*Asks:* 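One structure is given below, represented as structure tokens, and several questions about it will come after.
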Amino acid sequence: MRPSRRLERIPPYAFAQLERKVADKREAGVDVISLGIGDPDRPTPALIVEAMQEAVSEPETHRYPSNRGRADFRAAVRDFYERRFDVTLDPDSEIIPAIGAKEAIFNMNLAFLDPEDYALAADPGYPVYTGGPWLAGAAPVLMALEPERGFVPDLERIDAEVRSKAKLMYLNYPNNPTGAIVPDGFFERVVEFARANDILVVHDNAYSEITFDGYRAPSFLETPGAKEVGIEVFSLSKGYNMTGWRCAVVVGNPEALEVYWRLKTNVDSGLFEAVQLAGIAALEPDTDVEVASMRELYRRRRDLVCDALREIGVRVRVPHATIYVWAPVPEGYESSEAYCEHVLEQAAVVLTPGAVYGPAGEGWFRISLTTPDDRLLEAVDRLGALAS
Ligand SMILES: Cc1ncc(COP(=O)(O)O)c(C=O)c1O
């Protein structure tokens, strides 16, 4: 059976392949430690689970939800954005629930791109920034995130032809996979660039709640003028340990949201209302303590990993946010994939090769901090033994 040409154009989803490989090894009795996928190992906070349990027993939540979302969910998002980011949103026109950020990001491509259009995609970046445009029949244009610029793209280098054909720009800070935070002034330059070139900015805000060392991650919408040129996708997956729940929101430019809504009414039937009610519980101040304790957990793991990597001679930057450590591949390996393959075969530790996030990720590998401390320690010991 032949898949569509659009599907054939994109490589198989990297993590799906990796999952298969790890399953094979485990079946063969190998004790594999995965530092691959960024999926929080801690359970969803009890407050949220309890809200879901209550919600799911209410028959009113069992029916088709509206794609606009429940009024109380949108009000909770409005209150959260006001409290957390000092951003004012109109719940009727500037907030729409999404079935996870992945859905929203993918569907933006179907909503906005025609075959001749481009989407500017951070490289390295979350794979949907490139897979999405291809599957929509358009094309991504990569913007390299340069380490010496703090992992932001050089907007000046985007040429006139690309500027005129680009309709979307995907950005993400705090950043997966590099762990970078947005440098001062960058979002302001993005707003100017988007305005000058009539491009819709899609800021993927998946990690703003996981920050360390006193750093507070902003919303893109805090930037003056951002709402005129952009939207933000805020996911509850990582900050609230809710990856399986599929709960996110798209906020910002009302015209863009109207287009996204139009697309969604043709594609899906909205976010399960019980999940929206659980989302309300997540966004209330009562969960602040839980979120703070997750930050502390990841900070401890980050230090543990960075110290261990330094000891084996890896020159690692200590990230101030996210659940990832992004480190250069040690000398002597031909590619990030070759290094990660070697580590998997010799130490039974899964690392993610930087190249799966785009060509600018070559020469790097990613460690996810979503593994219990004892297993993480065991993994870094194995890496140490391999290096000595
Ligand atoms: C940058 C980024 N965006 C979006 C997502 C997906 O979020 P969700 O679970 O809300 O679909 C991820 C998950 O790893 C991510 O790293």
Side-chain angles (χ1 to χ4, degrees), residues 13-16 18-19 34-42 44 48 69 73 77 96-109 119-133 140 143 145 151-153 168-182 201-211 217 219-220 231-251 260 264 267-268 271-272 275-276 278-279 282-283 294 298 319 321-326 350 352 354 356-358 360-361 366-371:
Y13 201 69
F15 287 109
L18 197 60
E19 254 172 42
S34 178
L35 310 182
I37 197 161
D39 192 353
D41 54 307
R42 307 289 299 158
T44 307
I48 304 171
F73 177 71
V77 173
I96 290 187
I99 309 171
K102 192 174 192 178
E103 174 267 294
I105 294 162
F106 174 73
N107 275 329
M108 288 307 158
N109 298 289
L120 294 163
D123 166 27
Y126 182 55
V128 185
Y129 307 155
T130 47
M143 303 181 290
L145 305 187
F151 292 103
V152 296
L168 296 174
M169 175 191 273
Y170 291 111
L171 291 170
N172 154 234
Y173 295 97
N175 184 258
N176 174 19
T178 67
I181 56 177
V182 66
V201 177
V202 179
H203 182 245
D204 178 4
N205 188 5
Y207 297 97
S208 61
E209 303 318 292
I210 307 171
T211 55
S219 159
F220 173 62
I231 55 177
E232 180 159 273
V233 184
F234 178 84
S235 169
L236 279 71
S237 282
K238 313 293 169 117
Y240 302 90
N241 299 345
M242 291 175 74
T243 49
W245 299 56
R246 316 311 303 132
C247 188
V249 284
V250 186
V251 298
Y260 170 61
K264 261 176 90 65
V267 174
D268 65 58
L271 178 60
F272 182 22
V275 172
Q276 294 185 48
L283 295 175
M294 290 313 298
Y298 291 126
T322 77
I323 51 180
Y324 308 113
V325 171
W326 183 243
V350 178
T352 312
V356 307
Y357 300 100
R366 192 191 80 171
I367 286 180
S368 167
L369 302 173
T370 52
T371 299

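Note that the structure is predicted; figures quoted are calculated from it, not measured. In each ligand, atom 1 is the first atom listed, and ligand 1 is the first ligand listed.
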*Asks:* For S235, counting its heavy atoms only, list the atoms of ligand 1 lying under 4.0 Å from any of them.
*Replies:* 7 (O), 8 (P), 10 (O)
*Asks:* Around atom 13 (C) of ligand 1, find the nearest protein heavy atom and jot down its residue, atom name and distance.
*Replies:* K238 NZ, 3.0 Å
*Asks:* Could you grab the distance from atom CG of N172 to atom OG of S208, nearest 0.5 Å is fine?
*Replies:* 10.5 Å
*Asks:* List for me each residue that meets salt bridge (Lys or Arg N to Asp or Glu O under 4.0 Å) alongside D39, sequence neighbours excluded, and say none if there are none.
*Replies:* none
*Asks:* Give, for atom CE of M294 and atom CZ of R42, the distance between the pair rounded to the nearest 0.5 Å.
*Replies:*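 It comes to 6.5 Å.
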*Asks:* Do the side chains of T322 and N176 get nearer than 4.5 Å, heavy atoms only?
*Replies:* no
*Asks:* Could you list the atoms of ligand 1 found under 4.0 angstrom from a heavy atom of Y129?
*Replies:* 1 (C)
*Asks:* For ligand 1, which atoms sit closer than 4.0 Å to a heavy atom of G100?
*Replies:* 10 (O), 11 (O)
*Asks:* For atom 11 (O) of ligand 1, grab the closest protein heavy atom and report residue, atom and distance to one decimal in Å.
*Replies:*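 Ranking protein heavy atoms by distance from atom 11 (O) of ligand 1, first comes R246 NH2, 2.6 Å.
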*Asks:* Take Y173 and V152 through the side chain to side chain contact (heavy atoms under 4.5 Å, CB included) test and state the conclusion after the steps.
*Replies:* CA-CA 9 Å; Y173 295 97; V152 296; 3.3 Å; yes
*Asks:* I need the nearest protein heavy-atom contact for atom 15 (C) of ligand 1: residue, atom name and distance, please.
*Replies:*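 Its nearest protein heavy-atom neighbour is Y207 OH, 3.5 Å.
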*Asks:* Can you see which heavy atom on Y240 is nearest to which on T44, and at what distance?
*Replies:*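 Minimum heavy-atom separation between Y240 and T44: O-CG2, 3.8 Å.
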*Asks:* Do Y129 and M143 have side chains that approach each other closer than 4.5 Å (heavy atoms only, starting at C-beta)?
*Replies:* no
*Asks:* Can you list the residues that meet the side chain to side chain donor-acceptor pair (under 3.5 Å) rule with W326, with sequence neighbours excluded?
*Replies:*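 For W326 there are no side chain to side chain donor-acceptor pair (under 3.5 Å) partners, ignoring immediate neighbours.
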*Asks:* Distance to 0.1 Å, residue and atom name: give those for the protein heavy atom nearest to atom 6 (C) of ligand 1.
*Replies:*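 Of the protein heavy atoms, Y126 OH, 3.3 Å lies nearest.
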*Asks:* For atom 7 (O) of ligand 1, find the nearest protein heavy atom and state the residue, atom name and distance (0.1 Å precision).
*Replies:* A101 CB, 3.6 Å
*Asks:* Which atoms of ligand 1 sit under 4.0 Å from any heavy atom of N172?
*Replies:*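 Matching atoms, with element in brackets: 1 (C).
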*Asks:* Who's the nearest protein heavy-atom neighbour of atom 3 (N) of ligand 1, and how far?
*Replies:* D204 OD2, 2.5 Å
*Asks:* Among protein heavy atoms, which lies nearest atom 9 (O) of ligand 1, and at what distance?
*Replies:*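 Answer for atom 9 (O) of ligand 1: S237 OG, 2.6 Å.
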*Asks:* Which of the atoms in ligand 1, numbered in the order shown and given with their element, are less than 4.0 Å from a heavy-atom of N176?
*Replies:* 1 (C), 15 (C), 16 (O)
